[in-house]
Structures are given as C-alpha cells and as structure tokens.
Amino acid sequence: MITNADIAKLLRRVEAVYEVRDKDFFRSHAYENAANAVENLTISAHDLWEQGKLTEIPGVGESLAAHLDELMKTGRVKHFDAEFKRVPAGMFGLLGIRGIGPKIAYKIAKKFKLHDEKTTLKKVKQLIAAGKLAALPGLGQKMQAKIKTAIESSFVKDERLLFSEAIPVSSDFIGYIRKIPSVANAEPLGSLRRHVATVGDIDIGIATAKPTETMEVVLKYPQIHKLISSGESLVRVQLKTGHEVDIKLCSPSEWGSLLQHYTGSKLHNIALRSYALERHLSLSEHGIKNLRTKKIFRAKDEKAFYAHLGLPDIPPELREGEEELDYAKKNKIPALVELEDIKGDFHLHSDFDFESSHDIGRSKLAEYLDQARSLHYDYLGVSDHNPKRDLSVSDKKKIIEARKKYLFTQYQEYENRVKTNIPKLFIGLEIDIRSDGELALEDELLPDLDYAIVSVHNAFDLPKEENTNRLITALSHPKALILGHPTARKLNDRPGIDVDWEKVINFCRANSKVLEVNAAPDRLDLPDDLVKMAVRGGVKVVIDTDSHQVANMDFMKYGVWTARRGWCRKSDVINTLDLPDLKKVLK
DNA sequence: GCCGTTTTCGGCCCGACTGTTTTCAGTCG
C-alpha cells in the first residue's frame, strides 16, 4: 500500500517539474500545498481514498483527487509521467539535498545529461571532484563546495532526534545563553517547542536590545564546532555533537512575533496568515502590518500577538494546521492537561528478580516511592512483566505470590520509616498479548492483581484485521484495564502495528478500557494523532512512564506533551483523578 | 491547481541568507 510519504514525494516531484518550467508558479505552489497536507495527515491517504474522501484533504481538489484516484488504482498517473518526461530523470536524485532545489537540480542534470536517478549522486560526486560543477553558469566554487558537503552529510544524517537527545543539548545551550547579561529572553522554537515526538534540528530564539554584543558571546559557547551561516538576525551553527542549531535574534519589542513565527508549524502559519489577510493584516516575524495604514504592531509576547488578531493564545502543541484556528475563532480551544495534574504512574518495573518474560527493573520500591513523594503523587502502580510463559502454572503462582510479598514487605518498611504522605501502592502486571490475542498468563493467576496492563511485544507484522481482533480479544479479559504502548512502535526503529484504531477505540469506550500514553521517549505511544482520535472517541487514557529505574519517572513530561498534542484535557486522563475516584476505575 | 464572512474569478504567506551577480535568483524555514 502506498504511504503518505510516498504520495507527498511524488507530488513534490510534479511541483519541481512545474517550477523548473517556470510556466505556472501557482500550479507548482498548489502541488506543494497538497504535498504538505498529505505529509501532515494523521490517517493514511489510502484509507481516505477507500472512503471516497480525498477532497477532504486541504489543498486537494477535483483535479488532484482524480490523479490520486488513478495512482491508488494503477500505481501510476499518466499525467505525472508525461510531465516527468519533460526533464532529465537525474534531477530527481538531487532533490532533497540541502542547498539544491529544483532549478539547480535541473541545471546540473540537463548540462551533464543525467538520465538515471540511481547513478546521479555518484556521477555528481565525480563532477565535483573534477571541478566541473563550479564551471556551470550561476554556480561557483562556493556552491560546489556546499553541494559536496551536503551530499556527504546526507548519508550520515537521516534520523530525527528524540526528545531525550534534543532536550539536553538545547537546554544546556539555552542555559548558557540566559546567563548573558544582555539577553532578555531565550526559548526553544520550532518542533521542539511544539513538543513533536521527533525533531529535525534545534531552533533557539533570543530577545536582546544589543544583538551584536549578544551574538559575540553566544558564538563563544564552548560546544560550537563551526559556524554554518550568519546574518544580522539569524545564525546557524554546528555543535561538536554534530547537531545543527539555528539561532534567531530580535529586539525585546518583537519577541512575541518571533516566538510565534518560528514556533510554526509552517501549516499553522500559512493558515494564520490567510486568516490575517482577510482582515487586511500581514504577518511576519517582525509584527503584524496593517495593509491599509502600513503601521506595524509589535507584539512583546505571544498572547498579545494572537490577541491583536482577535484570537485566544493557542498552545504550541496544537499549532499543526487549520483545525486549531477554527477552534480559536470560536474561542473553543480546550484547557489541556498539565504535568502538575498528574497524580500517579501505573507503569513501573520493580527490581524483584524472577524468570521474567522481558527485562526487570533496576530500582528499589523505596526509590520509586521517594520520587513519587517528591512529585506529590497520590498513588503508584508497579507492573512487572509476566513470568516466562513456558514455566509451569504452579511455578508462576509461586513467583506471583513471592513478588507480592516482596513488594508489600518493602512498602511496610517504607511506611514505618517515612510515616507521612506515602503514595498508595497498587500491584499490577504487564502481560504480553500473544498473536492470537490470548494473554500470556493463565486466568487463574489473575484475580489477585489490582489491574493488568496488556501489551504487544512480538509478532508486529500481522495483517490489520488480525491485529485488530488480537487487541480486542486481549482487552476483553475482565482484568485487562490498560492497553500498554498500543501501537508498539519504536521511534527511529520500527513502525507501529497495523490496526483498525476506530474499532479498538469504539471497543474501549463501550467497555471502559483505557489506552496508555507511554512516555518513554523512544515510544511516545499512543502517538499524538491517535491520542486525538481516542479522546474524541470518548476513551480515557493513562499517561505512564514505563520506568525501569527511578530516573525514568522523569519521562512523565514527554507523555504529557504527547497527550497535549492529542488535544487531551485533564478529564481525559485517569491518573489525574483523586484516589477515591481512581479506585472506582480500578474496580 | 485550489478556493470563497467582499469572490465561481482572481487572488494565492513572508522574510532572511547565500552566492553570483552588478540588481537578483534560488533556497530555506
């Protein structure tokens, strides 16, 4: 089945051809819009096609829908193929390399007769080595060097950064910047500020009345490896870690506009600017220009920026397209869940040593309780993996009893020692869902548990229908309360399992089952788009850290951010409940 | 090629930076 990314790539190629031919700028622009929209879809375009809803994609009209229909049916689009024939195929091998756009790609492919996409990169490398690229009109030594670097680094830098990588790098740099006396404000921007699960590069905004002086000190940050580009208001550096960081400067009076502009997303900004234009206002990072009076409104913070457009402040996590703008216009932006709302964590792995189906935890219960107390949690749920499946039932029973005793003894010792504000302890298990949907633990061993998380840990490649039935079968068990890391995806590693989520969500609502938002930074699962689907479908979620050691309890913020991106309110999350209400959920 | 709180025609987000020019095109976010 063709993926959204494949479709977007195809549309961008058509866009490139139109741009090269310089014939119809706005037509190429339309293809770009459509490519962006498809890339940002939260469901597969193929599914939309099956439902006859292609034109519901913003930017896809009658004509593009017909082309995509042909694509889904035959795998080709005759019109696209005809357009592609007008340019040397080698140019497509160059698209996507930083610094090379359609025009330059075409110029190179045309001049050197590059007609095979697959061999293009190799040939261009040879041309660079021979110095032949620099001789092209419009190019020069510097462009050739730039392209050389870009081609070399494109083989290295492919994966996007996880939070757990990006946050320490950006926090350290921002910490350094904030200590500079002339700096009024410094914040992360872009996808990092919108709390997207993975980020491309790191953007930092700085407000200062003394830009030159400030930038001089910023560039002395010891972790900087080299300067990539620098202007008056925008500098790009590469750190010794290899990460690229964009730094944007503005005066304190423009801080709100800068934050807004560079937080994006691109689609949010495009929608917002169209909305502003209808009101004769033009938006930029410098402020809001009244097109009639030519006066510029400079926003000192974001609230003032949105207020000037007659809109409430929109949380960065929601700024992904047009939907949030519709809600803002009606003043219906929901109050999203906050980290401070969280009152407990149900997915911790203890250090009880046994023949476990997967890895055991490394921290003592007392350490988890200490941390829970400092976070002002009211309760804590320990859910180790189920015992190995091939053990006898009696051995498993022994293990489960020994574990309970182990945890209770430690809990009592803790109570005797600490005495006050001790979180309530719930004893659960995380049980594997087998490929047929059966739980990897016998029924007779379940009644003693306070709750069970059921999770997929193998057989990731089953067909959609089998996976859907598998999850529903597992959740049908009366003790199964929570579906753990529901898609089983691992970021930068493996995609989620193929599931009819609408069916699973309907089942969860009808049977009061809870979907987990697993906060481990390489999971963030449910993904934000499915959180949104679940919440809209009336299903409750639980935000858990899946901690294997006490330091992992700090992951909670990643889970909250992901939930916020899914439009999740406090009332949608069961671990924001007070203990008495929570106990009702566990019954 | 898309789209509609002035519109089914006539608009289409906006600016910074680089490199190659000699006033601007191409790319990026």
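Below, read A as the first sequence line, B as the second, and so on, with proteins coming before strands; counting in each chain starts at 1.
Of the listed nucleotides (B/dC14, B/dG1, B/dA16), B/dC14 has the atom at the smallest distance from the side chain of A/S284.
Taking the six-membered ring where tryptophan is involved, the planes of A/F26 and A/H29 are perpendicular, since the angle between them exceeds 60° and thus also 30°. Using cut-offs of 30° and 60° for the angle between ring planes, the A/H67 and A/H79 rings count as parallel. Note on ring orientation: taking the six-membered ring where Trp is involved, the planes of A/F84 and A/F92 are perpendicular (angle over 60°, cut-offs 30° and 60°).
At the phosphate of B/dG29, neither OP1 nor OP2 sits under 4.0 Å from any side-chain N or O atom of A/H268. Under 4.0 angstrom from either OP1 or OP2 of B/dG11 there lies no side-chain N or O belonging to A/H29. Listed pair A/K103 / B/dG26 meets the phosphate criterion, a side-chain N or O lying under 4.0 Å from OP1 or OP2. Phosphate contact (OP1/OP2 of B/dC17, side-chain N/O of A/S230, threshold under 4.0 Å): absent. For the pair A/S233 and B/dC17, the criterion of a side-chain N or O lying under 4.0 Å from OP1 or OP2 is met. A sub-4.0 Å separation between OP1 or OP2 of B/dT18 and a side-chain N or O of A/R236 is absent.
When each of A/K107 and A/N269 is assigned the nucleotide of DNA chain B with its nearest heavy atom, A/N269 is the one assigned upstream, toward the 5' end. DNA chain B is contacted by both A/I100 and A/S229; A/S229 maps to the nucleotide lying nearer its 5′ end (nearest heavy atom per residue).
For residues 313-320 of chain A, proximity to DNA chain B is found at no residue, defined as any non-hydrogen atom under 4.0 angstrom from a strand atom.
Residue A/L272 is classed as having no contact, given no heavy-atom separation below 4.0 Å to the nucleic acid. Residue contacts shown for A/E232 are limited to sugar-phosphate atoms, with no base heavy atom under 4.0 Å away. A/P102 comes within 4.0 angstrom of the backbone, heavy atoms only, and of no base. Looking at heavy-atom distances under 4.0 Å, A/E15 makes no contact with the nucleic acid at all. Counting non-hydrogen atoms under 4.0 angstrom, A/Y262 reaches nothing in the nucleic acid.
Other residues, nucleotides and ligands contribute at most 12 non-hydrogen atoms within 6.0 Å of the CD atom of A/E502.
Base orientation for B/dT7: syn, the chi torsion being within 90° of 0.
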